[in-house]
Amino acid sequence: MENKEIKEIVILRLGHRPERDKRITTHVGLTARALGAAGMILASDDPKIEENILEISPRWGGSFFIKNNANAMEEINQWKKKGGKVCHLSMYGINLPEAVPILKSEKKLMFIVGAEKVPGEIYEISDWNVAVGNQPHSEVAALAIAMDRISDSDPLLKTFENAELTVIPMEKGKKVVHDNELIEKNKRQDKC
Ligand code: SAM
């Protein structure tokens, strides 16, 4: 089968515990954004996550949404109704290399990542339970590797539109270009 480029990836983050998982859930969102996902749905109530990630997004460009306090099963069902497919990342699933061809061929893909124990109904409703190697590690690592492996173009070379800040890669030191016109424009919009 010919691989079509994936157009829309969303992440559904399960089991986030606001007192414990702030950092790792923020990293799930930032990683998803950096590698080209459209947004992250949080199946817990923690507006701080939304605040942290949406503060970064306009500065570094592109568009990324966060949906806080969502109902996981409703989100999955709605996604499926719209023709989307669901890939639950779990160390117990089929190993990623086996799933890459089919995942690459999907246009709308939801990746589900857990925190603590993931309910059995998620394994059932998912189109695929996919392991990034069958050893325990991290939702951030699993998501990053999966998104990289299923991408048709190199996600590390992705550029972000309307970025206030752009890093100029260099061997040593740090160079960041500021788009002052855009920064001023965004400031004016914030005040409105
Ligand atoms: N013990 C939990 C369970 O039984 O579901 C998993 C905890 S793990 C720290 C948190 C999340 O990381 C998992 O829900 C899964 O999404 C992801 N994860 C960890 N290792 C993985 C692997 N080898 N492959 C795919 N996903 C993995």
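When a residue number appears, it is its place in the shown sequence, counting from 1. We count ligands from 1, going down the list as the structure has it; atoms in each ligand are counted the same way. Being a predicted model, the structure only gives us computed values, none of them experimental.
One N or O on the side chain of W79 and one on the backbone of K85 form a donor-acceptor pair closer than 3.5 Å.
Near V118, the atoms of ligand 1 lying under 4.0 angstrom from a non-hydrogen atom of the residue are 5 (O), 14 (O). Within the listing of ligand 1, atoms 24 (N), 25 (C) sit less than 4.0 angstrom from a heavy atom of A131. For ligand 1 and Y92, the ligand atoms under 4.0 Å from any heavy atom of the residue are 4 (O). Atoms of ligand 1 lying under 4.0 Å from any heavy atom of A142, numbered from 1 in the order shown and given with element: 25 (C), 26 (N), 27 (C).
Considering each of A115, G114, S138, G133, the one bringing a non-hydrogen atom nearest atom 7 (C) of ligand 1 is A115.
For the residue pair L14 and A43, the shortest heavy atom distance occurs at CD2-CB, 4.1 Å. In terms of heavy-atom proximity, P97 sits nearest to R149 at CG-NH1, 4.0 Å.
Considering backbone and side-chain N/O of E139, one or more are found under 3.5 Å from N/O of ligand 1. Looking at H88 next to ligand 1, no N or O pair under 3.5 Å apart turns up. Between K117 and ligand 1, no pair of N/O atoms sits closer than 3.5 Å.
Under 3.5 Å, the side chains of N68 and D45 contain a donor-acceptor pair of N or O atoms.
Counting protein heavy atoms under 4.0 angstrom from atom 1 (N) of ligand 1 gives zero.
Side-chain contact between D21 and D46 is absent, with no heavy-atom pair separated by less than 4.5 Å. Using a 4.5 Å heavy-atom threshold, the side chains of L103 and C87 count as touching. Between R33 and S57, the closest side-chain pair of non-hydrogen atoms falls below 4.5 Å.
Residue contact annotation: V130 has a non-hydrogen atom under 4.0 Å from ligand 1.
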